[in-house]
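Please read the structure below before turning to the comments.
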Amino acid sequence: LIASIPILARLQQWVINLGQRPTALAWLYGLTFLESIIFPLPVDPLLAGVVMARPNRYIRLALTIGVFSTLGGMVGWWIGGWIGEAVQASGWIGHDGHYAAVAEGIAAHGWLFVMIGAFTPLPYKVMAVSAGFLGIGLIPMALASLVGRTARFLLVAAIVRHRSDNKKAALFSMMLIGLVLIFWKVAQ
């Protein structure tokens with residue numbers, strides 16, 4: 001389908017060429033780390049280009065950027081914790097005990113909040129910083145992030161890798177939709 005539309009074929013070739021550059025992996029890893037903290041754009045298009053250029057490495061690429069994203073999320077968690085302490089110390093929140101009750105509930109089940117944010121198109125950086133702000137433990141946050149981010153990147157990479165095999169691409173797309181629906185249902 002893409003080959004039949006000239007502008008899309010040129011765009012795909014441009015993305016593949018970008019993914020073949022020697023610096024593509026460094027950019028992918030660095031932007032993935034920063035995207036988990038401050039970078040406003042998702043890394044999925046760059047991942048797609050790198051997977052198209054290196055199709056046999058799609059699993060390793062997804063696993064590696066899952067780790068880099070989690071590491072960036074841990075920095076975001078630290079920033080959120082620092083902001084949370086400053087806000088509490090200032091007395092802006094927490095006077096009536098409602099904040100403490102909400103924060104306690106979030107801390108107990110926050111790993112699910114983080115995993116949903118790590119997997120879905122929601123801005124992961126917001127989830128990571130919020131996890132620190134709300135007092136979600138670093139270990140549960142990191143584990144939930146690692147699982148959610150890696151699952152997301154594996155599905156994106158697999159769909160891109162198998163884009164010419166309609167059955168496999170459809171299977172991975174249905175898996176992605178199914179996982180999002182499961183996360184959505186569990187979160188309610």
Side-chain angles (χ1 to χ4, degrees), residues 28-48 58-159 172-188:
L28 179 62
Y29 301 151
L31 289 176
T32 299
F33 179 83
L34 291 175
E35 187 258 343
S36 297
I37 308 165
I38 58 168
F39 194 66
L41 301 174
V43 296
D44 300 60
L46 183 55
L47 171 62
Y58 78 100
I59 292 174
R60 185 179 329 154
L61 288 166
L63 293 173
T64 304
I65 67 170
V67 170
F68 274 90
S69 182
T70 300
L71 292 172
M74 292 169 75
V75 172
W77 175 90
W78 177 81
I79 292 168
W82 180 76
I83 293 170
E85 288 176 9
V87 167
Q88 286 180 10
S90 72
W92 288 348
I93 58 175
H95 291 296
D96 58 5
H98 293 319
Y99 172 77
V102 170
E104 185 177 312
I106 292 287
H109 303 289
W111 64 271
L112 183 59
F113 167 74
V114 172
M115 188 177 293
I116 290 168
F119 184 76
T120 63
L122 297 171
Y124 173 64
K125 67 191 98 343
V126 173
M127 300 300 173
V129 171
S130 297
F133 185 87
L134 295 171
I136 297 170
L138 179 60
I139 300 295
M141 178 272 188
L143 291 175
S145 294
L146 188 60
V147 169
R149 295 306 275 175
T150 302
R152 174 191 168 129
F153 293 136
L154 275 170
L155 284 171
V156 169
I159 289 168
F172 288 120
S173 297
M174 286 188 297
M175 287 172 54
L176 177 64
I177 292 167
L179 285 171
V180 168
L181 291 175
I182 288 168
F183 284 144
W184 181 264
K185 185 66 178 168
V186 169
Q188 291 181 348

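Computed from heavy atoms alone, side chains included, the values below leave out hydrogens, waters and symmetry copies.
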Atom CG in L46, atom CD in E35: separation rounded to 0.5 Å?
11.0 Å
With a 3.5 Å cut-off and no angle check, do the side chains of S69 and T32 form a donor-acceptor pair?
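Short answer, no.
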Taking all atoms of both residues into account, what is the closest heavy-atom pair of [X] and [Y], and its distance?
{"X": "S36", "Y": "G73", "result": "CB-N, 3.4 Å"}
{"X": "M127", "Y": "G117", "result": "CG-CA, 3.5 Å"}
{"X": "G110", "Y": "I136", "result": "CA-CD1, 3.4 Å"}
{"X": "L146", "Y": "T150", "result": "O-OG1, 2.7 Å"}
{"X": "S145", "Y": "V114", "result": "OG-CG1, 3.3 Å"}
{"X": "I116", "Y": "L122", "result": "CG2-CD1, 4.4 Å"}

Verify side chain to side chain contact (heavy atoms under 4.5 Å, CB included) between V129 and W77, making sure each step is shown before the conclusion.
CA-CA 5 Å; V129 171; W77 175 90; over 6 Å; no
Between F68 and L28, is the side chain to side chain contact (heavy atoms under 4.5 Å, CB included) condition met? List the steps.
CA-CA 9 Å; F68 274 90; L28 179 62; over 6 Å; no
Does a side-chain heavy-atom distance below 4.5 Å link [X] with [Y]?
{"X": "V43", "Y": "F153", "value": "yes"}
{"X": "Y29", "Y": "L61", "value": "yes"}
{"X": "M74", "Y": "L138", "value": "yes"}

Under 3.5 Å: donor-acceptor pair, side chain of R149, backbone of V67:
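No, R149 side chain to V67 backbone: no donor-acceptor pair under 3.5 Å.
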